[in-house]
J.: 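Handing you this structure, nothing more for now.
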2 protein chains.
Amino acid sequence: MSTMPPMGGDLSRLRQLNALTVIKTLRGAEAATLSALAERTGLSRPSTKEVIDELSAMGWVEEVPPASGTMGRPARRYRFRADGGHLMGLDIGAYHIRAALADLDGGVIAETRRPAHPGAPLEDRLAAIEQAAATCLALGGLTIADLWAVAVGTTGLVGPEGRVIMSASIPAWRDLDLGGLLGEMFPCRVLVENDSRLAALAETRRGVARDARDVVFLHIGRRMGTGLIIDGRLHRGFGAAAGEIVMLPEAGWRDGPVDLNDAAIVPDGLPPEDAAGFTLAAARDGDPTALDAVARFTDKLAVGTAAAVLLLDPEIVVLGGGFSRSADVLLPPLRSRLERVCLRMPKLSASTLGDECVVLGAIDYAIEHLDQLFFAPDAPALRPPVRPATSPPGPDPT
Amino acid sequence: MSTMPPMGGDLSRLRQLNALTVIKTLRGAEAATLSALAERTGLSRPSTKEVIDELSAMGWVEEVPPASGTMGRPARRYRFRADGGHLMGLDIGAYHIRAALADLDGGVIAETRRPAHPGAPLEDRLAAIEQAAATCLALGGLTIADLWAVAVGTTGLVGPEGRVIMSASIPAWRDLDLGGLLGEMFPCRVLVENDSRLAALAETRRGVARDARDVVFLHIGRRMGTGLIIDGRLHRGFGAAAGEIVMLPEAGWRDGPVDLNDAAIVPDGLPPEDAAGFTLAAARDGDPTALDAVARFTDKLAVGTAAAVLLLDPEIVVLGGGFSRSADVLLPPLRSRLERVCLRMPKLSASTLGDECVVLGAIDYAIEHLDQLFFAPDAPALRPPVRPATSPPGPDPT
DNA sequence: GTACTAATGATGGTCTCCTATATAACTCTC
DNA sequence: GAGAGTTATATAGGAGACCATCATTAGTAC
């Protein structure tokens, strides 16, 4: 038998577990009293207190002024110090680079975007990434040393080690050790992942698929892709190649939205990247040619989606990516086709996060990574680069 | 936020966790000394001893004679008492009913099978199940009261509550509360699951896919189905309808192996259930008509399989079910078609468990269920219907 | 029969959690 | 504005579970 995860252990391990439970409980809640924490964690009051004191000393938790106007003695309230550390999410697409700076709760502090060109040489793209990150940090009043982790979402097939195997839309992205390159740029952990997968994660953590355990995310735009959340976790597959239903010939996703791009209604002079949008807009206005093109497109879309739904039986299918702006045009025909085939029809919704979904997903991914670090039995128990609280939360002697 | 699983807790919880670690370590190993256990679990010797004493008193562990011929004082050796409890696995197919009795390690003690008829009325089928179970128990020298759990695999769509929604091959299986009916038959926990899924589980626990975390199992025979193991766990989906790629029109699995059944080479008088086998045998002998039929069949098989592989990127695809006997004929064409489409080609192997895979999977499923019970934080901590060891393993005062 | 080896068994100490009780702070009512 | 009522805090005592250490024991090797 292979080595198993020793889940029990020392007394200190028990304390670590309880501390993590407290942190998890505190997170998301705005602020909580000791009694509330004790009840929600199942610990006794004195124990909760001790844990909180320890966490305060380490800078993970801080006290906030008690709520006034309540009966009885006012309860001390504690809050997770989301500003104890910072994360950066990056979205590196063919035509754009986005950066977002966030706290440990995933709250966005600053955001930047700058255009990019698919064919630009590698150095230019890397320089643009560095600039976007620098701008974002400056906006947030932080330096690169404040970052605990950076997560990157990019188009293409990303290997297990942060290596970009290939990307259809960025020629320079071919057998490239992107993780390594960015690792030289940032003095912290760098995670690289496929953009569709990260978008799926964002949608499950804070979008329409919140709290769903099984989600199929359709990343539909100039490029097509999918991201799968299975049992609440991002599914990567054995070789990190999961979600590539694009390659199934029978689904006909491979050439992207050709039906929309090549519709007869598209004017000759229009730049190719705007063609699909034009067709979708015309379909919304009821143009029959455009509607026909949309029907052909959704037919193909439905084949791959049906395969995913039949295999995984997700709770919800989310339509995201650039075309999700046209969800009103795409969803009805997609729904009717799926209903014809699916054994159990899942919910079907458009993304609510829009263009930001990949950066947000990157941030959520980074948070997940940090969480996992803390939970490791042999972890340096809650002691990442955390500096003591700026204002010591101990009893103020005034 | 919904209620989260409190992972820490009491001191007793820590003990529970450590006891479970010890049990997990002990399981699978033939017998282990205290020192070995202490090292493998990470606990200290005295603690390990205390845990072992507790487990012995509860009947989970027993002492075996020390190994002779070693240096130093002989170490006491302990063993997981697999015979402390018993499980039953059932495989209810259209044409057969199988029952297997197993110990807590999943080792099969006795096995029965009896024929069935697809169109038989419900009562007959239930009576046959009861008889199969009784025979099996008698063979093992046990009574129905010795069973801790019964797991059932059957064809058709099985709902989350053990309800059979419908089954294409057993007419009586329609909107039937099978879990409830069998719950009256057996005085213990009864689990109902789709047979393909259980076969997939068996294959990952003890078959060719042992230790793989992501597995696609193809259940190929008179009926077609799939079972998915994702991240080491059986994937059921939100509505327990996962794996039903059969329904995808583009894959053409819906009508089963029509290409093999209707091949021109099949003699007229042959009973329909033997037709496919005849074609496969002819193909093995090189008959061109049969080979052509096999090619058409594997073409279809490859479409659905490719969809699953592209979406999930499994480590291995296992070909199981009745036709896995003809894997030598089916695998080569299937492999070549998959290689053409898949981004990363998974391993592709035939099942090694044969006809027993569903009962074995049912047993493994029952074991998994029991394990899960023990791990629950609020569990009655390791106290299922376990009777004290027949021979008290304490120090014998002679 | 003596030396060596490796496991056993017992003792004391530390850590973490729990229950219970006394104390403190604030609101509401008269 | 004083007392009653309410809710939290703080502290003390006790039990459970783990660990390190050391003397003891039961074998093998020479």
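In what follows, every chain begins at residue 1, and chains take the letters A, B, ... in the order their sequences are listed. These numbers were taken from a predicted model, which means no experiment stands behind them.
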J.: Which residues pass the side-chain contact (heavy atoms from CB on, under 4.5 Å) test with A:Ala151, not counting sequence neighbours?
T.: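 Applying side-chain contact (heavy atoms from CB on, under 4.5 Å) to A:Ala151 gives A:Leu191, A:Ala362, A:Tyr365, A:Ala366.
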J.: Apply salt bridge (Lys or Arg N to Asp or Glu O under 4.0 Å) to B:Arg79 and list each qualifying residue two or more places apart in sequence or on a separate chain.
T.: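 Residues passing salt bridge (Lys or Arg N to Asp or Glu O under 4.0 Å) with B:Arg79: B:Glu62.
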J.: According to side-chain contact (heavy atoms from CB on, under 4.5 Å), who are the partners of A:Ile316, at least two apart in sequence or on a separate chain?
T.: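 So A:Ile316 forms a side-chain contact (heavy atoms from CB on, under 4.5 Å) with A:Val208, A:Ala209, A:Ala212, A:Val215, A:Val318, A:Lys347, A:Ser349.
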J.: Among residues at least two apart in sequence or on other chains, which ones pass side chain to side chain donor-acceptor pair (under 3.5 Å) with B:Asp214?
T.: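 Once residues adjacent in sequence are excluded, B:Asp214 has no partner under the side chain to side chain donor-acceptor pair (under 3.5 Å) criterion.
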J.: Sugar-phosphate atoms are those with a prime plus P, OP1 and OP2; base atoms are the rest. Using that split, label each nucleotide of nucleotides 15-20 of chain C B, S or - for protein heavy atoms under 4.0 Å, 5' to 3'.
T.: BBSBB-
J.: Could you pull out all residues at least two apart from B:Arg45 that satisfy salt bridge (Lys or Arg N to Asp or Glu O under 4.0 Å)?
T.: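 Salt bridge (Lys or Arg N to Asp or Glu O under 4.0 Å) list for B:Arg45, sorted by chain: empty.
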J.: Run the salt bridge (Lys or Arg N to Asp or Glu O under 4.0 Å) test against B:Arg213 and tell me which residues pass, sequence neighbours left out.
T.: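 Salt bridge (Lys or Arg N to Asp or Glu O under 4.0 Å) list for B:Arg213, sorted by chain: B:Asp231.
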J.: Could you tell me which residues satisfy side-chain contact (heavy atoms from CB on, under 4.5 Å) with B:Arg15, sequence neighbours excluded, listed by chain and number?
T.: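 Result, side-chain contact (heavy atoms from CB on, under 4.5 Å) vs B:Arg15: B:Glu50, B:Val51, B:Glu54.
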J.: Write down the protein N/O and nucleotide N/O pairs, taken from nucleotides 4-6 of chain C, whose separation is under 3.5 Å; answer none if there are no such pairs.
T.:
unit_1	atom_1	unit_2	atom_2	d
C:dA6	N3	B:Arg73	N	3.4

J.: Would you mind reading off the distance between B:Ile52 atom CD1 and C:dG9 atom C1', rounded to a whole angstrom?
T.: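 So the CD1-C1' distance, B:Ile52 to C:dG9, works out to 16 Å.
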J.: Base, sugar-phosphate or nothing for B:Thr70? Non-hydrogen atoms, less than 4.0 Å.
T.: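 Contact class for B:Thr70: sugar-phosphate only.
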J.: Round to the nearest Å and state the distance from B:Tyr78 atom OH to C:dA7 atom P.
T.: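 B:Tyr78 atom OH is separated from C:dA7 atom P by 13 Å.
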J.: For B:Ser12, which residues count as a side-chain contact (heavy atoms from CB on, under 4.5 Å) partner, sequence neighbours excluded?
T.: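 Listed in chain order: B:Asp10.
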J.: Under 4.0 Å from a heavy atom of chain B: give me the 5'-most and 3'-most nucleotides of DNA chain D that qualify.
T.: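 Contact span on the strand: D:dG16 to D:dA29.
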J.: Listed by chain and number, what are the salt bridge (Lys or Arg N to Asp or Glu O under 4.0 Å) partners of A:Arg205, not counting sequence neighbours?
T.: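 Expected list: A:Glu368.
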J.: Do any N or O atoms from the side chain of B:Asp105 and from the backbone of B:Ala82 form a donor-acceptor pair under 3.5 angstrom?
T.: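 Checking the backbone N and O of B:Ala82 against the side chain of B:Asp105, no donor-acceptor pair under 3.5 Å is found.
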